[in-house]
Amino acid sequence: MSESISITDNRTGESIEIPIHRNGVDSAEWSKLLPGIWFDDASFGNTSGAHSAVTELDGSAGFLRYRGYPIEQLGKECSFLEVAYLLLNGELPTREQLASWEDEIREESTIHENFHKRILEGFRDDAHAMGVLVSTVAALSTFFPESKDVEDPSVRRKQIVRLIAKMPTLAASAYRRSVGTPYVLPDPDLDYTDNFLSMMFRPGDSEYEVDPVLRRALDLLFVLHADHSQNCSTTAGRVVGSSLADPYLTVSAACSALSGPLHGGANESVIRMLEEIGSYDQIDSFINAVKAGERRLMGFGHRVYKNYDPRARIVKDTAHEVFDVVGKNPLLDMALKLEEVALADDYFVSRKLYPNVDFYSGLTYQAMGFPVEMFTVLFAIGRTPGWLAHWDEMLSQDSRIARPRQIYIGSPERDVQPIDKR
Ligand code: SDX
């Protein structure tokens, strides 16, 4: 039996055989037989938009691998910058390569003083951190005009380092601005995640010791969020990047897509949902509202995983390690009960709805002292290497500008009537 499909256009009786290659069939072959007939797949649920070697995930088996390495091993054995190197270069770094990579990132962690003196000062006091991040990442584009030469691999690499290095500085600066405390600049003596926590929470010039458990937990959370193949925000980045837009505007677009509550904004929505439910005795009525289609169980469900999200397991375990240090998040018991009730209810079981990466991550971030508005920003910091790995991979291939077709359902041709006759 050949690895192929045969399709017949019953209008003409013509047939064509198309090979099945790497779980895909080439749409160009399809179009030879059926010009003008498009795959109707509005949310790309059954469509491949990329050939990628970065990440593999299997929704049924419930595995996630970055460049072939299982997420469970990477989470245990590697730092976030080590994993970022892997995603971008395809191989784990040697000790020397990692040291040089860390130095490159450290050297690029500062931002122009205009961000602190002018740009950030222009936002309202209650500006949401994601709105600030999307704006300031895009603003970086204006400080590095040479970044527009995206077809030069050396230009791409320089901007990749800058973006990974500056995301924590932009994020921490947005937070400090929102709480009215003086900005803390990157400390060259600290590693990536320590530096971010210092820029976030160091009280002025006084000494600030990061608890190693919290630092390790946050670094692990960054690893877990580092990539996830063709998710909504990565796809947004690939589409914008396909027009040869510069990487800052490309990543800003990815950040915008991530901000939605169906995607990276879910970690914030989970906390607000738990707070709204308020108490155990309200869980059943909330679950009933979900089953009636009136509410969504945020942090549950996934387009690909029809099994427990492998990251959610690790996040759940990490949460307990953090709570052992900073005290249990009072919402944890509510979340555990909600998971227990949902996983015993046929509405969720029949739809294969399980906790995803966002269900427990917010509880951990909140316990670590991050405000809810920062949760998706933390997701963005983690996802930046993944976005950039896909952007770089796309531009290394003979990619074309993204331009999907449509199924037209509008009016047939008609004539404009003078306004008094409408
Ligand atoms: C992330 O793609 C990625 O890889 C994303 C991500 C990454 O790392 O990049 O993993 C990160 O975005 C995780 C997802 C975070 N979002 C949430 O937790 C929001 C809540 N989840 C849902 O909105 C939903 O599950 C999605 C958006 C995640 C997936 O949506 P799909 O694939 O379009 O699923 P669907 O809406 O077609 O749902 C199928 C059925 C529907 O019921 P029926 O019409 O069959 O009766 O399941 C129901 C849905 O109503 N359903 C839910 C539900 N999720 C799906 N019902 C209640 N609560 C939910 N959360």
Side-chain angles (χ1 to χ4, degrees), residues 41-50 52 54-60 62-66 71 75 83 87 130 221-238 251 254-274 276-277 283 286-315 335 338-339 341-343 345-363 375-376 378-387 389-390:
D41 187 15
S43 61
F44 315 128
N46 299 299
T47 297
S48 159
S52 180
V54 179
T55 290
E56 182 185 17
L57 52 130
D58 182 304
S60 314
F63 71 68
L64 168 59
R65 300 175 187 145
Y66 296 161
I71 190 67
V83 168
L87 289 170
M130 276 308 282
L221 285 162
F222 285 156
V223 167
L224 296 175
H225 287 80
D227 193 55
H228 215 237
S229 82
Q230 305 306 316
N231 57 84
C232 178
S233 54
T234 298
T235 299
R238 277 186 176 255
V251 169
C255 286
S256 298
L258 186 75
S259 68
L262 294 187
H263 190 15
N267 53 23
E268 174 178 345
S269 305
V270 167
I271 296 296
R272 299 199 190 286
M273 172 186 73
L274 294 172
E276 181 196 335
I277 293 171
I283 286 181
F286 180 79
I287 289 288
N288 290 335
V290 169
K291 289 159 68 173
E294 294 155 10
R295 304 300 303 274
R296 266 179 198 276
L297 181 52
M298 302 310 281
F300 257 67
H302 199 277
R303 173 64 56 80
V304 175
Y305 290 127
K306 300 308 172 191
N307 201 321
Y308 214 100
D309 183 332
R311 301 167 296 176
R313 281 195 217 299
I314 303 170
V315 173
L338 208 46
E339 176 184 353
V341 170
L343 294 188
D345 187 305
D346 186 57
Y347 172 92
F348 299 92
V349 174
S350 63
R351 290 169 176 79
K352 299 187 185 330
L353 302 178
Y354 294 89
N356 59 49
V357 69
D358 292 306
F359 191 65
Y360 287 103
S361 55
L363 290 166
F375 291 179
T376 309
L378 298 175
F379 193 145
I381 293 172
R383 186 52 56 89
T384 295
W387 287 331
H390 284 276

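One-based numbering, in listed order, for ligands and for the atoms of each. Any value given below was found using the heavy atoms of this structure, including those in side chains, with hydrogens, waters and symmetry copies removed.
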Within ligand 1, which atoms have a heavy atom of Ala266 less than 4.0 Å away?
15 (C), 16 (N), 17 (C), 18 (O)
Heavy-atom contacts with Asn231 under 4.0 Å: which atoms of ligand 1 show up? List them by number with element.
2 (O), 3 (C), 4 (O), 5 (C), 9 (O)
Under 4.0 Å from atom 43 (P) of ligand 1, is there any protein heavy atom?
yes
Looking only at protein heavy atoms, which one is nearest to atom 20 (C) of ligand 1, and what is the separation?
Phe300 O, 3.4 Å
Which heavy atom of the protein is the closest neighbour of atom 60 (N) of ligand 1, given with residue, atom name and distance?
Leu297 O, 2.9 Å
Atom 45 (O) of ligand 1 [closest protein heavy-atom partner, distance rounded to 0.1 Å]:
Arg351 NE, 3.7 Å
Can you check whether a protein heavy atom sits less than 4.0 angstrom from atom 35 (P) of ligand 1?
no
Could you work out, for atom 19 (C) of ligand 1, the closest of His263, His225, Met298, Glu294 by heavy-atom distance?
Met298
Does ligand 1 have a heavy atom under 4.0 Å from the side chain of Arg303, from its backbone, from both, or from neither?
both
Counting both backbone and side chain atoms, is some N or O of Val290 under 3.5 Å from an N or O of ligand 1?
no
Starting at CG of Leu57, measure out to CG of Asp227 and round the result to the nearest 0.5 Å.
9.0 Å
Side-chain donor-acceptor contact under 3.5 Å, Asn307 with Ser60
no
Does atom NZ (Lys352) have a neighbourhood of more than 12 heavy atoms from anything else shown, all under 6.0 Å?
no
Where does Tyr347 meet ligand 1, judged by heavy-atom distances below 4.0 Å: at the side chain, the backbone, both, or neither?
side chain
Is Pro261 in contact with ligand 1, taking contact as a heavy-atom separation below 4.0 Å?
yes
Answer side chain, backbone, both or neither: which part of Leu262 comes under 4.0 Å from ligand 1, heavy atoms only.
both
May I ask you to establish whether Arg383 and Phe379 are in a cation-pi arrangement, using a distance under 6.0 Å from NZ or CZ to the six-membered ring centre and at most 45° from the ring axis?
no
Might you check, step by step, whether the distance between atom 30 (O) of ligand 1 and some protein heavy atom is under 4.0 Å?
no
Heavy atoms of the protein only: does one fall short of 4.0 Å from atom 26 (C) of ligand 1?
no
Give a yes/no verdict on a cation-pi contact between Arg295 and Phe286, requiring under 6.0 Å between NZ or CZ and the six-membered ring centre and an angle within 45° of the axis.
no
Verify atom 50 (O) of ligand 1: protein non-hydrogen atom under 4.0 angstrom away:
yes
Answer with yes or no whether Val304 contacts ligand 1, where contact means a heavy atom under 4.0 Å from a ligand atom.
no
Test of ring centre spacing under 6.0 Å for His228 and Tyr305
yes
Would you check whether His228 has a nitrogen or oxygen atom less than 3.5 angstrom from a nitrogen or oxygen atom of ligand 1?
yes
What part of Arg383, side chain from CB on, backbone N/CA/C/O, both or neither, has a heavy atom under 4.0 Å from ligand 1?
side chain
Atom 10 (O) of ligand 1: which of His302, Lys306, Lys352 has the nearest heavy atom?
His302
Are Gln230 and ligand 1 in contact, using a heavy-atom cut-off of under 4.0 Å?
no
From Val270, Leu353, Asp358 - option closest to atom 54 (N) of ligand 1 by heavy atom
Leu353
Which residue and atom name correspond to the protein heavy atom nearest atom 23 (O) of ligand 1, and how close is it?
Arg296 NH1, 2.8 Å
Are Gly299 and ligand 1 in contact, using a heavy-atom cut-off of under 4.0 Å?
yes
